[in-house]
**Student:** 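Could you have a look at this structure, given as structure tokens, before my questions?
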Amino acid sequence: MSAAVKAEVRTYGGWRQPRSAGIGALTLLQTVVALGGLIVVIATMMMANVLWAGGVLVVEAGVLYLVSTKDKHGLSLLDKGAERLRFRRAARSGATRYVSGPLAPRYTTGGFRLPGVLWRSTVSEHTDSVGRRFALVHHGNKSLAVVMALSPPGTGLVDLDQANDLVALFGHWLGNLSGEAAVVAASVSVETCPDSGERLRRAMARQSVPGAPEVARQVISEVVDSSAQGAVDIKVWATLTFSPAAMGAGKQGLAGQEIATRLPGLTQTLQHAGTGPVHLMTAGELCQMVRIAYDPVSAGLFDTAASRGETVALEWGQCGPAGHDAQSDRYEHDSGVSRVWTMSLPPQGLVQFRVLEPILGLHPSVERKRVTLLYRPIDAARAPSIIDNDVNQANARVKGTNPKARDVRAAAVAQQMANEEAAGGGLLDFGAVVTCTTTSGDVAQAAAPVESLAASSRLLIREAWGAQDSAFALGLPLGLLPGDQAMKKGGS
């Protein structure tokens, strides 16, 4: 006799946002400032009178109200006010507008350089230890990034047991990044965009036989033409960001040699995690990808050139936009208009492995959509102290007669994370950037379904208000580190 074994439906969760010890919604620093304000009030009452002390107390209470009153994204009234003030100041100074090329106000670069946080970036090309060419992106903060194109098979026709194994393998690969020397960040980008059908036509042209019957040729041609209408292309990239200083390499040339030596092992383990073949992006492919991101209409030109067997000579200094206008809720760049969101909260509770399918999948009303998951591995030497501190602070919140259920749950999750880290698991921070781009100009209509898709994936996202251009660059698979780049203000 044989009994069928039912596949286990695994659930995932327990993601925790670290909180510092403080009173209520206040952080430790804000709590110290509040206590210092009370001391000032007492000193004022002793040195002056009650009226002056009451005035100081009212001011302090107002500041505490602005700091402690937060929305669902965790932003206080003071944070949002400072956000608007920074954007208005940047708009008045002209930092939200960019013009490059021969029409630039200060034409000195001789090309179309990338704006904003990518202004200081450059690209070099190297060969790894097994003879594969790859592009190395040099950022302004001295970090180096390698971009890889992936071809994952997906989970549509995969058994549940195999899908669980693929999730476990990819999680194991991410966890191992904490032990990889000099790997300071990683990202995975999934982009859905219109397909011109030129690739299918090239594939049919390569496989056609010169002596094939004319009827067969006509049938194949009709099938290709009908399939090209409304076709959508799905592209996936993975990016690893390295720190030359952590490698002990004083020069970036030596760091490039070190990365070339380590890439075969990194790509092999990534491929074993179920991502399919891993292709190292060359400099030309990287320039083309960035050019299409800033000028979506140019995608058809690149496809047509590839169908004719022509090679487009595009350099890094020529793939930026001719101009852009970064508004508070949108980003206008060449032929495209984009809106960018950042993740405020990951899926809460327990979820299954298909939880991100709505936001990653296709939608007929969204022309171009790119979802980038950002990962920052925490050094294995620092992880125990971070975990212990998090557990102590979580436990401190449940002490008392009537602890909140949310705090009790948070303490249990923190203890589980400590147990997993002690057993050899890796610790990392993560976030997400969602970008919607349209060529019609009506970005509000194109972006309307995105928030609904994010809600279906149980993601809480917020518009990158006042930082649309920087968030757009962060969402590209170029290995940028958030908040660690110098910007170029104004025109070129």
Side-chain angles (χ1 to χ4, degrees), residues 9-35 64-80 167-168 171-172 174-175 177-178 341-353 355-356 359 373-433 454-462 482-483:
V9 180
R10 296 182 185 175
T11 56
Y12 306 89
W15 300 288
R16 172 169 166 77
Q17 184 175 4
R19 296 176 59 184
S20 60
I23 300 176
L26 300 179
T27 64
L28 179 60
L29 178 60
Q30 293 169 352
T31 301
V32 172
V33 173
L35 295 177
L64 286 178
Y65 176 79
L66 294 177
V67 171
S68 60
T69 304
K70 299 182 179 180
D71 60 8
K72 61 181 180 179
H73 302 284
L75 290 178
S76 66
L77 297 177
L78 186 62
D79 293 332
K80 291 189 285 189
V167 175
H172 185 66
L174 287 176
L177 292 180
S178 300
W341 298 261
T342 58
M343 184 186 73
S344 300
L345 283 176
Q348 299 298 292
L350 299 178
V351 298
Q352 298 183 15
F353 70 94
V355 64
L356 294 181
I359 190 65
L373 301 176
L374 306 172
Y375 304 96
R376 175 166 288 188
I378 297 177
D379 186 23
R382 296 176 50 239
S385 60
I386 295 177
I387 287 288
D388 292 341
N389 184 52
D390 195 22
V391 170
N392 293 335
Q393 293 179 2
N395 290 334
R397 292 182 178 273
V398 299
K399 292 181 179 179
T401 55
N402 294 313
K404 297 181 180 179
R406 187 179 297 273
D407 292 336
V408 173
R409 171 63 179 167
V413 171
Q415 186 60 51
Q416 181 183 357
M417 292 176 58
N419 296 336
E420 293 175 356
E421 191 279 331
L427 185 66
L428 52 90
D429 294 329
F430 68 95
V433 178
S456 300
S457 294
R458 301 178 65 176
L459 290 177
L460 181 61
I461 60 175
R462 179 182 184 268

**Student:** Say you draw a straight line from CG of L427 to CE of M417; how long is it, rounded to the nearest 0.5 Å?
**Tutor:** 5.0 Å
**Student:** Verify, without hydrogens or angle tests, whether S344 (side chain) and I461 (backbone) share a donor-acceptor contact under 3.5 angstrom.
**Tutor:** no
**Student:** Could you list the residues that satisfy salt bridge (Lys or Arg N to Asp or Glu O under 4.0 Å) with R462, not counting sequence neighbours?
**Tutor:** E83
**Student:** If only atom types and distance count, is the side chain of D390 paired as donor or acceptor with the main-chain N or O of I387 below 3.5 Å?
**Tutor:** no
**Student:** Among residues two or more places apart or on two chains, list those pairs meeting side-chain hydrogen bond (donor to acceptor under 3.5 Å, both in side chains) that have a residue in residues 377-388.
**Tutor:** none
**Student:** Please find the pair of heavy atoms, one from S178 and one from G426, that lie closest to each other, and give the distance.
**Tutor:** OG-CA, 4.0 Å
**Student:** Quick one: closest heavy-atom pair of A168 and R10, and the distance?
**Tutor:** CB-NH1, 4.3 Å
**Student:** Donor-acceptor pair, E421 side chain versus N419 backbone, under 3.5 Å?
**Tutor:** no
**Student:** What distance separates L177 CG from H172 NE2, expressed to the nearest 0.5 Å?
**Tutor:** 10.5 Å
**Student:** Taking all non-hydrogen atoms of both residues into account, name the closest pair between L174 and L428 and its distance.
**Tutor:** O-CD2, 3.6 Å
**Student:** Between F430 and Y375, how do the two ring planes meet: parallel, tilted or perpendicular, split at 30° and 60°?
**Tutor:** tilted
**Student:** Do you know the tightest heavy-atom contact between M343 and G431?
**Tutor:** CE-CA, 3.7 Å
**Student:** If I compare all heavy atoms of P346 with all of W15, which pair ends up nearest, and what's the gap?
**Tutor:** CG-CB, 4.1 Å
**Student:** Would L459 and V355 count as a side chain to side chain contact (heavy atoms under 4.5 Å, CB included) if you check the C-alpha gap in whole Å, the side-chain angles of each, and the deciding distance to 0.1 Å?
**Tutor:** CA-CA 9 Å; L459 290 177; V355 64; over 6 Å; no
**Student:** Is there a side-chain contact between I386 and I378, using heavy atoms and a 4.5 Å cut-off?
**Tutor:** yes
**Student:** Is the backbone N or O of I359 less than 3.5 Å from a side-chain atom of S457, with the two atoms forming a donor-acceptor pair by type?
**Tutor:** yes
**Student:** Using side-chain heavy atoms (C-beta onward) and a distance below 4.5 Å, is Q348 in contact with L460?
**Tutor:** no
**Student:** For A410 and A394, work out which heavy atoms get closest and say how close.
**Tutor:** O-CB, 4.3 Å
**Student:** State the CG-CG distance between L77 and D71, to the nearest 0.5 angstrom.
**Tutor:** 8.0 Å
